[in-house]
There are 2 protein chains.
Amino acid sequence: MPANSAPDSTSTRDRILSVAERLFAERGYNKVSLRSITAAAEANMAAVHYYFRTKEALLRAIFEARTAPLTAERQRLLHAVLERSGDSPPPVREVLAAFIGPGIRLASTPSGAIFNQLSAICSVDPDPTVRSIVFAVHDDVAQLFVDALRRACPHLDAATFFLRVQCIFGSMMYVRANNGRVDRLMPLEAQPRDDVDTLLEMMLDFLTAGMAAQPTPTARPGGPSKAAQ
Amino acid sequence: MPANSAPDSTSTRDRILSVAERLFAERGYNKVSLRSITAAAEANMAAVHYYFRTKEALLRAIFEARTAPLTAERQRLLHAVLERSGDSPPPVREVLAAFIGPGIRLASTPSGAIFNQLSAICSVDPDPTVRSIVFAVHDDVAQLFVDALRRACPHLDAATFFLRVQCIFGSMMYVRANNGRVDRLMPLEAQPRDDVDTLLEMMLDFLTAGMAAQPTPTARPGGPSKAAQ
DNA sequence: GTCTATATGTGGATAGAC
DNA sequence: GTCTATCCACATATAGAC
């Protein structure tokens with residue numbers, strides 16, 4: 001029963017969710033206390049326990065709310081690519097676009113950009129609590145992506161494919177995190193973040209070319225022993 | 001720095017350093033207490049204060065000890081590449097190899113692999129304390145690398161170059177972190193980590209191809225308004 | 001140099017009033 | 001549903017004995 005005279009139309013629960021998401025993204029899960037969240041959300045600690053029970057469950061709720069539409073979109077796009085290609089290998093660029101695009105496009109809204117930062121930070125967090133949450137919400141669609149990409153790359157041996165998938169994940173994570181590391185090293189040049197479609201095309205240019213590259217022949221089990229220069 | 005076979009020949013200070021490095025790499029700076037470090041190093045908390053004064057200074061000492069030879073090697077290789085190429089653009093692959101190689105090669109020793117994990121985790125840590133340490137020890141050589149790579153890539157506009165550098169950093173970080181995210185998504189296929197030279201060549205294949213790619217013409221300030229498909 | 005003991009602060013969780 | 005007050009565990013840092 002919402003009060004029609006309330007100055008804030010948002011509920012206490014929603015305020016906690018959005019404030020926690022922002023603070024976690026800025027400072028990391030472990031460095032944000034429930035006290036600071038409730039202070040910024042104009043609530044108290046008992047409210048967090050009432051709605052979410054624990055701090056971990058609060059993080060999980062944030063991820064589930066955000067990743068549900070993201071995962072649905074990725075799955076829809078991936079399945080569309082696979083259907084279009086039928087029995088032949090799907091185009092690498094389209095597979096990449098289906099998986100990376102929805103995440104990159106989040107950056108076009110302020111709240112989406114915040115979640116992108118949170119998602120990137122948490123995806124490399126060594127804390128088992130954080131890891132289990134991230135893995136749980138992403139594993140299904142990530143598996144679908146990896147399988148589709150594998151079909152798109154029959155020219156790669158398993159080890160090379162494995163390493164390149166790591167590069168894709170790392171690139172995506174780093175761009176989404178947008179942590180200012182590279183900014184310090186470049187002059188005043190424009191950053192393309194205000195146009196997510198251009199940003200996505202730039203990423204696809206880079207990653208597609210990387211996946212298309214023919215592996216350098218090198219010492220491999222059963223292969224020749226001398227690397228080409 | 002002598003052999004690590006003697007259990008008690010190491011000094012208390014060295015044991016604290018190496019135990020802290022391992023625990024920080026496994027669980028992250030914020031999740032490791034000085035208590036757990038001193039317990040594992042068979043010392044006590046007062047010893048940490050005696051040798052390093054604070055937890056932050058302990059992390060800084062770890063990084064400075066590890067990055068000093070790493071940075072020297074990177075600078076040596078980068079300068080060698082630049083001298084070889086003279087006034088003409090240096091080869092992209094060689095510039096990449098000079099910067100990425102020394103870090104990747106650390107993975108060939110157990111202690112180097114531990115520091116690789118620590119370095120990767122800390123390079124995306126949002127904590128300002130951690131960030132300032134990482135930036136301080138890496139900024140000089142990273143700047144040298146970015147400048148050299150810029151010279152190697154005259155075919156790229158500033159925004160595209162900027163984004164691709166982020167992809168390089170992200171790829172390097174993710175591979176060095178080796179956090180098990182991708183392992184979950186792949187079957188029993190071999191991981192190439194036992195041969196760091198092959199691993200480095202694989203990364204160079206991918207990243208060099210990505211940097212060489214011609215950018216997709218798209219809507220850019222002063223450019224045509226319709227993107228090619 | 002190395003230890004015990006402790007000062008001082010902060011964290012998550014919760015009981016119970018309203 | 002929302003709050004105040006509090007419990008208890010654990011963090012860093014340090015004082016002072018030996």
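In the text below, chain A, chain B and the rest are named by the order of the sequence lines, each starting its count at 1. Because the structure is predicted, anything quoted here is derived from the model rather than measured.
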Over how many whole Å does the gap from A:Leu34 atom CG to D:dT4 atom C1' extend?
->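 Distance check: A:Leu34 CG to D:dT4 C1' gives 17 Å.
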Would you mind reading off the distance between B:Leu58 atom CG and D:dA13 atom C1', rounded to a whole angstrom?
->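 From B:Leu58 CG to D:dA13 C1': 14 Å.
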Side chains of A:Thr71 and A:Arg74: do they bring a donor and an acceptor to under 3.5 Å?
->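 There is no such pair between these side chains.
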Please determine, by modelled atom types, if B:Gln143 and B:Asp147 share a side-chain donor-acceptor pair under 3.5 angstrom.
->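 Judged by distance alone, the side chains do pair up.
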Mind checking which nucleotides bracket the chain B contacts on DNA chain C, 5' to 3', with an atom under 4.0 Å from a heavy atom?
->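 On DNA chain C, the outermost contacted nucleotides are C:dG1 to C:dT4.
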For DNA chain D, find the residues of residues 48-57 of chain A with a heavy-atom distance under 4.0 Å and give them by number; none if there aren't any.
->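 Contacts with DNA chain D under 4.0 Å: A:Tyr50, A:Tyr51.
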Do the non-hydrogen side-chain atoms of [X] and [Y] ever get within less than 4.5 Å of each other?
X        : Y        : result
B:Ile168 : B:Phe145 : yes
B:Lys31  : B:Glu26  : no
A:Ile133 : A:Tyr29  : no
B:Met211 : B:Leu156 : yes
A:Phe24  : A:Ile121 : no

Should the pair A:Phe99 and A:Phe169 be assigned to parallel (<30°), tilted (30 to 60°) or perpendicular (>60°) ring geometry?
->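 Ring orientation, 0 to 90° scale: tilted.
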Would you classify B:Ala47 as touching base, sugar-phosphate or nothing, given that sugar-phosphate means primed atoms plus P, OP1 and OP2, and contacts are heavy atoms under 4.0 Å?
->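 If one applies the 4.0 Å heavy-atom cut-off, B:Ala47 turns out to touch nothing in the nucleic acid.
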Toward the 5' end of DNA chain C, by each residue's nearest nucleotide, A:Ala46 or A:Val32 |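 Checking each residue's closest nucleotide, the 5'-ward one belongs to A:Val32.
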